Novice: 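Please read through the structure below; I'll follow up with questions.
For ligands, and for the atoms within them, numbers begin at 1 and follow the listed sequence. What you are looking at is a predicted structure, and each value in this text was computed from that prediction instead of being measured.
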Amino acid sequence: MSKRYYMPTQVFMGEECVKSNSPLFLQMGKKALIVTGKHSAKINGALDDVLEVLSSNGQEWALYDRVMSNPTIESVYDGAAFAKSENVDFVVAIGGGSPMDAAKAINLLTCQDIPKDKLYEGQYSDKILPMIMVPTTAGTGSEVTPYSILTNHQLQTKKSIGSPILFPRIALLDAKYMENLPKEITINTALDALSHSIEGMLSLNANPITDSIAMESIRRISLCFESLKSGQLTRKERFELLYASTLGGMVIANTKTTAVHSMGYSLTYFRDIDHGRANGLLLGEFLRYIEKSWPERVNEILSVMGMSTVNEFITILDNLLGEREKLTDEEIEKYASIAARSANVKNCPIVPGREDLIQIYKNSMNK
Ligand code: NAP
Ligand code: ZN
């Protein structure tokens, strides 16, 4: 079976890379739709930098700053209605995974008339506006993925729309925007990136290129475990985490995620547990489950982090996660049924059945 690696997004990285790449913005169009969350982009300097570039280029913009964490389907239709009324011809997303994902879906719905009940059918034309992404968390890698993950109230879960047309054209990586990212968000997002790279190595779609990228991402994140725990990260470590997160995005853009993400979505949907934390809570016990039938692969992952047992890894995760949320048996049964129906649970060569999922939830949450 042949496998492929594809990455059309141009990545620019380094201190002040937004302002030093102002000609890139000029090539994109005349009027930008800027998509952000409510607060952080206005405080961390990212919005100021983008506005300075657009002004000096003589470009116009319309600001859509209503993106909530875990954006819903309804919210991206709202964003698209705004974008259409503003006649924008390119998109700049600034923020964590939520604004970046929302921007992709808003873009799609601005360019194409897709009724809500057809959104997941994937019958899209090629019409899309060019996108620039400025991540301000180091976790999702959405700046280099073709996915937009939306909260779907009808299905009571989060579900991804994916298409090659959703790959951003440009990603601009500057860790200076993460200088004041709170400790908890820094940890959660780092665990999300770690989960992407580990799940990528356990995916049916893994190949030598994604493996190489994933191992480099895991290695860089593991070197920051101690600083993550203390909450004292240098600018250099912030860059390391940002690069590692973009590498993780390059991995899942090709491999997709597996059971950890499928299981984590219920923790977010029903218990409001942050996306990265949800994955961090489940990752250790998922590795223990895989180890039973694929020990050499799990060893490969552990050795990149300088570890020899899954227990060692779980101790590190415990240190970063603190006290774990508890689930009732009813919750576990419900979440396992939802995860068992998800597409991504089948991306790993070892597919956990419903009973396995129940056990992973129990071992992860109710220890
Ligand atoms: P997020 O929901 O984008 O942001 C979490 C919080 O961090 C928000 O309150 C945000 O504030 C704040 N924040 C962001 N940047 C900050 C900064 N530099 N300083 C201070 N605060 C900051 O969280 P995320 O973990 O980055 O993204 C999670 C979403 O991404 C989930 O919906 C998940 O499903 C999705 N995801 C997508 C992919 C993909 O491939 N597309 C992969 C993994 C996850 P504001 O709201 O004010 O901005
Ligand atoms: Zn994720």
Side-chain angles (χ1 to χ4, degrees), residues 9 34-47 49 64-73 75-76 93-105 131 133-152 157-163 166-168 171 173-200 233 238 241-242 245-246 248-258 260-269 272-280 282-283 344:
T9 306
I34 302 176
V35 181
T36 75
K38 284 208 164 108
H39 307 291
S40 67
K42 293 168 190 143
I43 299 163
N44 62 34
L47 182 60
D49 283 357
Y64 185 78
D65 60 359
R66 279 180 246 156
V67 180
M68 316 282 286
S69 283
N70 305 301
T72 59
I73 293 179
S75 73
V76 293
I94 307 171
S98 298
M100 291 192 284
D101 281 10
K104 293 175 190 172
M131 290 184 275
M133 302 260 151
V134 183
T136 66
T137 63
T140 69
S142 180
E143 66 276 8
V144 291
T145 74
Y147 313 125
S148 166
I149 298 158
L150 302 173
T151 298
N152 183 328
T157 188
K158 298 184 62 163
K159 197 168 171 196
S160 160
I161 54 174
S163 164
L166 296 181
F167 270 114
L173 313 181
D174 189 342
K176 78 170 183 172
Y177 305 129
M178 285 144 221
E179 198 76 24
N180 296 312
L181 191 67
K183 180 179 173 186
E184 199 181 323
I185 302 179
T186 305
I187 290 177
N188 292 344
T189 44
L191 291 177
D192 190 25
L194 185 63
S195 202
H196 295 159
S197 295
I198 291 181
E199 287 178 76
L233 286 119
R238 291 268 180 207
L241 290 174
L242 178 54
S245 141
T246 301
M250 291 171 173
V251 172
I252 57 166
N254 289 275
T255 64
K256 303 183 177 156
T257 55
T258 67
V260 175
H261 269 64
S262 301
M263 296 175 77
Y265 289 151
S266 280
L267 298 182
T268 302
Y269 188 84
D272 204 23
I273 297 175
D274 179 89
H275 172 72
R277 177 174 174 84
N279 296 327
L282 299 161
L283 191 55
N344 283 12

Novice: I need the atoms of ligand 1 closer than 4.0 Å to a non-hydrogen atom of Thr137, numbered in the order shown.
Specialist: 14 (C), 15 (N), 26 (O)
Novice: Is any NZ, NE, NH1 or NH2 atom of the basic residue among Lys158 and Asp101 found under 4.0 Å from an Asp or Glu carboxylate oxygen of the other?
Specialist: no
Novice: Provide, to 0.1 Å, the distance between atom 40 (O) of ligand 1 and the closest protein heavy atom, together with that atom's residue and name.
Specialist: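 Result: Thr145 OG1, 2.8 Å.
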Novice: Using side-chain hydrogen bond (donor to acceptor under 3.5 Å, both in side chains), reason through Asn344 and Ser262 one step at a time and then give a plain yes or no.
Specialist: CA-CA 6 Å; Asn344 283 12; Ser262 301; 5.1 Å; no
Novice: Should Met178 and Asn44 count as side-chain neighbours, where that means a heavy-atom distance under 4.5 Å?
Specialist: no
Novice: Under 4.0 Å from any heavy atom of Thr136, which atoms of ligand 1 are there?
Specialist: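 Reading through ligand 1 atom by atom, the close ones are 14 (C), 15 (N), 16 (C), 17 (C), 18 (N).
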Novice: Which one of Thr140, Ile252, Asp274, Ile185 has a non-hydrogen atom at the shortest distance from atom 6 (C) of ligand 1?
Specialist: Ile185
Novice: List the closest protein heavy-atom neighbour of atom 24 (P) of ligand 1: residue, atom name, distance to the nearest 0.1 Å.
Specialist: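 Going atom by atom, the protein heavy atom closest to atom 24 (P) of ligand 1 ends up being Gly97 N, 3.5 Å.
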Novice: Checking Ser142 side chain against Gly97 main chain: does a donor-acceptor pair fall under 3.5 Å?
Specialist: no
Novice: Is there a donor-acceptor pair under 3.5 Å between the side chain of Thr186 and the backbone N or O of Leu181?
Specialist: yes
Novice: Can you classify the ring geometry of Tyr265 versus His275 as parallel (below 30°), tilted (30 to 60°) or perpendicular (above 60°)?
Specialist: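 Judged by the thresholds at 30° and 60°, the geometry between Tyr265 and His275 is parallel.
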Novice: With no hydrogens and no angle check, just 3.5 Å: does a side-chain donor-acceptor pair link Glu143 and Thr246?
Specialist: yes
Novice: What distance do Glu199 atom CD and Thr255 atom OG1 have between them, rounded to the nearest 0.5 Å?
Specialist: 8.5 Å
Novice: Testing the 3.5 Å rule here: is there a donor-acceptor pair between the side chains of Asn152 and Tyr269?
Specialist: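 Not at all, the side chains of Asn152 and Tyr269 share no donor-acceptor pair under 3.5 Å.
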Novice: So is there a nitrogen or oxygen of His261 less than 3.5 Å from a nitrogen or oxygen in ligand 1?
Specialist: no
Novice: Among Pro146, Gly95, Ser40, which one puts a heavy atom closest to atom 13 (N) of ligand 1?
Specialist: Ser40
Novice: Are any side-chain N or O atoms of Lys104 and backbone N or O atoms of Tyr147, one a donor and one an acceptor, separated by less than 3.5 Å?
Specialist: yes
Novice: Judged by non-hydrogen atoms, does His196 sit under 4.0 Å from ligand 1?
Specialist: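 Yes, that is the case, since the closest heavy atom of the residue is under 4.0 Å from the ligand.
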Novice: Only heavy atoms of His39, strictly under 4.0 Å: list the atoms of ligand 1 that pass.
Specialist: 47 (O)
Novice: Taking both backbone and side-chain atoms of Tyr147, is any N or O found less than 3.5 Å from an N or O belonging to ligand 1?
Specialist: yes
Novice: When you measure from the Zn ion (ligand 2) to each N, O or S atom of His196, which atom gives the shortest distance?
Specialist: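 Going through the N, O and S atoms of His196 one by one, NE2 ends up nearest to the Zn ion (ligand 2).
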Novice: I'd like the name of whichever of Thr36, Asp101, Thr151 reaches closest to atom 41 (N) of ligand 1 through any heavy atom.
Specialist: Asp101
Novice: Return the residue, atom name and 0.1 Å-rounded distance of the protein heavy atom closest to atom 38 (C) of ligand 1.
Specialist: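 Result: Ile149 CD1, 3.5 Å.
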Novice: Identify the closest protein heavy atom to atom 5 (C) of ligand 1: which residue and atom is it, and at what distance?
Specialist: Ser69 OG, 3.7 Å
Novice: I need the atoms of ligand 1 closer than 4.0 Å to a non-hydrogen atom of Pro99, numbered in the order shown.
Specialist: 3 (O)
Novice: Please report whether ligand 1 has a polar contact with Tyr265, defined as an N or O pair separated by less than 3.5 Å (distance criterion only).
Specialist: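 There is no such contact.
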Novice: Does the N or O separation between Thr189 and ligand 1 drop below 3.5 Å for any pair?
Specialist: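 No; every N/O pair is 3.5 Å or more apart.
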Novice: For ligand 1 and Ser148, I'd like to know whether there is a polar contact (N/O to N/O, distance under 3.5 Å).
Specialist: no
Novice: Below 4.0 angstrom from a heavy atom of Gly37, which ligand 1 atoms are there? Numbered from 1 as shown, please.
Specialist: 46 (O), 48 (O)
Novice: Counting distance only, does the side-chain N/O of Ser75 pair as donor-acceptor with the main-chain N or O of Thr72 below 3.5 Å?
Specialist: yes
Novice: Answer yes when Arg277 and Asp192 have at least one side-chain N-carboxylate O distance shorter than 4.0 Å, and no when they do not.
Specialist: no
Novice: Tell me, which N, O or S atom in Asp192 is closest to the Zn ion (ligand 2)?
Specialist: OD1
Novice: Just going by heavy-atom distances, which of Lys158, His275, Arg238, Lys38 is nearest to atom 32 (O) of ligand 1?
Specialist: Lys158
Novice: Return yes if some donor-acceptor pair links the side-chain N/O of Thr151 with the main-chain N/O of Asn70 below 3.5 Å, else return no.
Specialist: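 Side chain of Thr151 to backbone of Asn70, a donor-acceptor pair under 3.5 Å: yes, one is there.
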Novice: Can you pull out the closest protein heavy atom to atom 1 (P) of ligand 1? Residue, atom name and distance to 0.1 Å, please.
Specialist: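 Sorting protein heavy atoms by distance from atom 1 (P) of ligand 1 puts Ser98 OG, 3.4 Å first.
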Novice: List the closest protein heavy-atom neighbour of atom 17 (C) of ligand 1: residue, atom name, distance to the nearest 0.1 Å.
Specialist: Leu181 CD1, 3.3 Å
